[in-house]
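Both backbone and side-chain heavy atoms feed into the values below; hydrogens, waters and symmetry mates do not. Count residues from 1 along the sequence. Counting starts at 1 for both ligands and their atoms, following the listed order.
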Amino acid sequence: MYSELGISDKVLRLSEETERKLQERFRKIDETAEYNQLKVLSAMQKNRLQEGHFAATTGYGYNDSGREALEQIYADTFRTEAALVRPQITCGTHALAVALFSSVRPGDEILSPVGAPYDTLQEVIGIRPSKGSLAEWGVTYRQVELLPDGGFDYEGIRAALKSRTKFVTIQRSKGYSDRRTLSPESIGELISFIKGIRPDVICMVDNCYGEFVTEKEPSEFGADMIVGSLIKNPGGGLAPVGGYICGTKECVEQCAYRLSAPGLGQEVGANLGQMPALLQGFFLAPTVTAAALKTAVFAANLYEGLGFSVHPSASEPRYDIIQAIRLGTPERLVAFCGGIQAGAPVDSFVTPEPWDMPGYDDPVIMASGSFVSGSSIELSADGPLREPYNVYFQGGLTYPHGKFGIMKSLQFLLDENLVKL
Ligand SMILES: *Cc1c(COP(=O)(O)O)cnc(C)c1O
């Protein structure tokens, strides 16, 4: 089958050799998935999930028992008091914007103690001028960089916590940067340091790509809110749209009033027939996340073996599903993405090209042949066309497909003489 699908003997042999060394890593990933599967299952049982919860509602969506069950299942799984999980949250950025806008008022300040946030959030906050940003509402922003070794700059953070600081945003995943991804434990240390100085500030974690990678989420280490997208890990590949905010009752209530309207809050929002996908997706999410993690570990080992700098390295522990490979040239970045696209189940016949995406500073190339448009729990690769030409990829609904996509990327590099085996 591999040769029929255009994989050469060379790439196949190298892949099989790489995979043989990974059995112990894979076993650990399966153990985490096993634990998380039980976590989700237990929440579903506790909330007496039943067929009636799958019914579609329309209009206002008052008394939507499916939606209420879904939200309580998220809250119980992520060990929070409350949750807002909705198809009306259009994406991760929207969920994060709701959390930010609901928590601050004019004159307040937001602090990021872990360097610059994800590109799209920079426009929400107004770090890059943008219509409707928090900056336009008179909310200011301050950031403290991570130390060169990746640690927290505790003294810098102490100095940056002003009396106006109301909200702290902590991004777990590295996103499109070169820093490390933060473990839930280390996020917990950061939060207790901050709360030790200012117990009243709201600490939110951008948990995108982190869900189910570890047994515990940042909400179990003191975060007031964790926020993410349903077309990443927690949607399990089935959710067609949506975002979540899990956190304290107080924070989630504020978010609900911002998402719908003051006075309405969580009581409205028809489920539009999405409950089967959102619930079943969450049920599958732990094993789907495991497939994505195995794909990332496989790729890191394969490319590191070829002399590329990979991030995280082949042997490092992981706290999100993103893998970065420093490809060094724009040609390699384009070829890598071409290979991922050619290995996809959908749109395998098209060629990805760099473009100026809304919300991003540099042209970005994206490879994604997914069942859910733009889904990045499905195997997808992207990278901004800037030094050092890192490709960031993530996903793989199944490990066999993730592995194949990575093999295909290497095949494309090889066919264009951009790498030597
Ligand atoms: C994907 C992502 C976002 C934004 O999510 P979208 O669904 O693309 O809007 C925010 N932060 C991080 C770290 C992400 O990975």
Please say whether the positively charged group of K403, taken as NZ for Lys or CZ for Arg, lies over the ring of F393, i.e. under 6.0 angstrom from the six-membered ring centre and within 45 degrees of the axis.
-> no
Is a donor on one side and an acceptor on the other found under 3.5 Å between the side chain of R172 and the backbone of Y319? yes
Residues with a heavy atom under 4.0 Å from ligand 1, by chain and number, are C91, G92, T93, L96, Y118, Q171, D206, C208, Y209, S229, K232
Applying salt bridge (Lys or Arg N to Asp or Glu O under 4.0 Å) to E24 and not counting sequence neighbours gives R27, K28
Passes ring-ring contact (aromatic ring centres under 6.0 Å, His included), F193 versus Y154? Steps please.
CA-CA 8 Å; F193 176 78; Y154 285 115; 4.6 Å; yes
Practice problem: Given ring-ring contact (aromatic ring centres under 6.0 Å, His included), test F212 with F282 step by step and report yes or no. | Solution: CA-CA 10 Å; F212 297 124; F282 197 54; 5.5 Å; yes
- Does the separation of the ring centres of Y303 and F336 fall below 6.0 angstrom? yes
